[in-house]
Amino acid sequence: MLYWTGKDDVFLLIWLPRLIQAVFSSIADIKLYSLVKRMENSNVAKWVYFSQLCSWFTWYCSSRTLTNTMEAVLGTLALYYYPLEGSRTKSSTKYLFFVALAFLVRPTAPILWVPLLLYHFSKEQKKLDLILLHCLPVGLLALGGSVIIDWMYFGEWTVVQWNFLKFNVLQNIGSFYGSHPWHWYMTQGFPVIMGTHLPFFIHGCIVAPRRYRVLLVAIVWTVLIYSTLSHKEFRFIYPVLPLCMIFCGFSLTNIKRWKKPAIGFLVLSNLLPALYTGLVHQRGALDIMSNVQQLCQKQNSSLLILMPCHSIPHYSHVHCPITMNFLECPPDLGDHDTYVDEADLFYASPLAWLHAEFYDHKRLPTHLVMFSVLEKDINPFLITHNYVRTASVFHTHLPEGRIGSHIYLYERQLQ
């Protein structure tokens, strides 16, 4: 395991991955501009590029090391080589290679590409060559390489992509982490990630050339298919955003009279949410890690995170051998009707859970991390065991349920 030795480690282990992801996202944005420039002209490409760069959700996601971000990057690179009518950069092998990589990164990635693959197959004159010389070699190479890597890691033959699809789609176990109504993407998800680009997208769908309709079909198809899954998140449909920006670019190109007000409106209406969601909203989850990292300098430190699952990063931000425990929430793989995870058991009666878990004082952790809303519920436990608040960081202006406005770090004072 790598241990913290100084500020250089903070850069290498935390900031460098984000910078690398930002570079990948930047390359994808440039490829999107180049594609439209080659297919149309520099004027249309300029407005597509502008639409992409001023999207608040692009700002929010493009530097985050999420599989969805890499999926969007690979999807854009694949689109650059996709044989759209009039494309001068088309290459079946290259675009299929990037689609295959996206599938390895996130097995639901091909959902976006089903209409595009079928359209390509229907238009291809040499269908057998497409299958035998392009699809099969790329598919076998990508899947075979993935299976071999997983075999080396797990010590047994494992097809991770199949397990992912079985877990999230066939068994729908992802709904354990929250479910939404079938129309959520149409009424909330898609309108939110599009933001004020939405009217320009609708206008662009009307004025864009007919050859781009296959992209619109892919967007609609993706939203509809994801709508059938119970567990929904904004980031899941992030890969359709670059396609949407092509239509927004056509809209801005065709606007003549109100172009300057439209540009100003898009910039201002996206700048504020981009800055707020990127720099202010729910920032406490990362800010508190600076305090947790300091525990590496203390001997025999141990940390218990009394928060909903996945609230803060763990060892990805703390590279030292301190004990870190958290409330677990694994899904019910046994399909038991009475299953309750540890996090729900804790929040049902926090004080009783703590007394039962730490009946022996020797088991007490040296530090606790919690949301501010929990403090009043476990205050007797904190007082009894001499826990003192040593840090408080802002988290959100919109506390809800188990999520508080601040995150607290408590340290046990030994008498």
Side-chain angles (χ1 to χ4, degrees), residues 1 3-7 9-10 13-15 276-329 341-415:
M1 178 182 285
Y3 297 160
W4 293 99
T5 58
K7 293 183 178 180
D9 288 332
V10 177
L13 300 172
I14 296 179
W15 287 104
Y276 181 75
T277 57
L279 300 176
V280 180
H281 183 57
Q282 294 186 347
R283 64 172 295 152
L286 294 178
D287 288 347
I288 196 65
M289 298 311 295
S290 298
N291 301 94
V292 175
Q293 289 160 9
Q294 294 175 10
L295 302 185
C296 296
Q297 311 302 325
K298 300 180 180 180
Q299 292 185 348
N300 301 319
S301 292
S302 58
L303 179 69
L304 175 60
I305 302 166
L306 298 175
M307 305 169 79
C309 294
H310 318 303
S311 291
I312 63 174
H314 295 101
Y315 287 112
S316 66
H317 281 57
V318 181
H319 292 262
C320 69
I322 66 171
T323 301
M324 295 178 66
N325 293 311
F326 55 92
L327 301 174
E328 297 186 1
C329 57
D341 64 57
E342 185 180 36
D344 284 339
L345 283 174
F346 169 78
Y347 280 103
S349 183
L351 205 54
W353 187 92
L354 288 169
H355 287 312
E357 187 73 14
F358 300 108
Y359 58 89
D360 183 353
H361 289 192
K362 296 179 181 179
R363 293 166 50 90
L364 288 167
T366 61
H367 295 78
L368 302 172
V369 173
M370 70 191 74
F371 280 117
S372 52
V373 293
L374 181 64
E375 185 182 49
K376 64 180 183 303
D377 294 329
I378 65 170
N379 195 52
F381 177 85
L382 299 174
I383 295 174
T384 301
H385 297 289
N386 301 314
Y387 281 102
V388 177
R389 191 199 304 173
T390 57
S392 173
V393 299
F394 169 78
H395 184 63
T396 178
H397 290 111
L398 304 170
E400 180 182 10
R402 299 172 180 177
I403 310 299
S405 61
H406 289 72
I407 297 177
Y408 295 155
L409 175 67
Y410 273 81
E411 181 177 1
R412 189 174 182 227
Q413 304 295 320
L414 298 177
Q415 295 180 342

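Here S302 contributes atom OG and L364 contributes atom CG; the two are 8.5 Å apart, rounded to the nearest 0.5 Å. The OH atom of Y387 sits 10.0 Å away from the CD atom of E411 when rounded to the nearest 0.5 Å. Note that the CG atom of L345 and the SG atom of C329 stand 12.0 Å from one another [nearest 0.5 Å]. Rounding to the nearest 0.5 Å places CD of E375 at 12.0 Å from CG of L306. Interatomic distance, E400 CD to R402 CZ, rounded to the nearest 0.5 Å: 12.0 Å. Going from atom CG of N386 over to atom CZ of R412 covers 6.5 Å, rounded to the nearest 0.5 Å.
Shown here for V373 and G404, the closest heavy-atom pair between the two residues is CG1-CA, 3.7 Å. The nearest pair of heavy atoms linking I312 to M289 is CD1-SD, 4.0 Å. Scanning all heavy atoms of the two residues, the minimum distance from P313 to A285 falls at CD-O, 3.6 Å. For the pair H319 and S316, the tightest heavy-atom approach, listed with the atom from each and the gap, is NE2-O, 3.0 Å. The two atoms that bring L354 and F346 nearest to each other are CG-CE1, 4.0 Å, heavy atoms only. The shortest heavy-atom contact between S372 and S405 is OG-N, 3.4 Å.
A donor-acceptor pair under 3.5 Å is absent between the side-chain atoms of R389 and the main chain of Y408, judged by distance alone. Using modelled atom types, one side-chain atom of S301 and one backbone atom of K298 make a donor-acceptor pair closer than 3.5 Å.
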| Derivation of the side-chain contact (heavy atoms from CB on, under 4.5 Å) call for L382 and L368 | CA-CA 10 Å; L382 299 174; L368 302 172; 3.7 Å; yes
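For the pair L304/F326, no side-chain contact is recorded, criterion being any heavy-atom separation below 4.5 Å from C-beta on. The shortest side-chain heavy-atom distance between L286 and I14 does not fall under the 4.5 Å cut-off. H317 has its side chain out of reach of V292: every pair of non-hydrogen atoms, C-beta onward, lies at least 4.5 Å apart. Side-chain contact between V318 and L303 is absent, with no heavy-atom pair separated by less than 4.5 Å. Annotation: side chain of P365 is not in contact with side chain of N325 (no heavy-atom distance under 4.5 Å). You'll find the side chain of L327 reaches within 4.5 Å of the side chain of W353, heavy atoms only.
By the neighbour-count criterion of 12 heavy atoms within 6.0 Å, atom CG of N300 is sparsely surrounded, having that number or fewer from other residues, nucleotides or ligands.
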Output side-chain donor-acceptor pairs under 3.5 Å for residues 390-399, partner residues at least two apart or in another chain, one line each.
residue: T390; atom: OG1; partner: L409; partner atom: O; Å: 3.3
residue: H395; atom: ND1; partner: G284; partner atom: N; Å: 3.4
residue: T396; atom: OG1; partner: H281; partner atom: ND1; Å: 3.3
residue: T396; atom: OG1; partner: L398; partner atom: N; Å: 2.9
residue: H397; atom: ND1; partner: Y276; partner atom: OH; Å: 3.0

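By the 30° and 60° cut-offs, the orientation of the rings of F358 relative to F381 is tilted.
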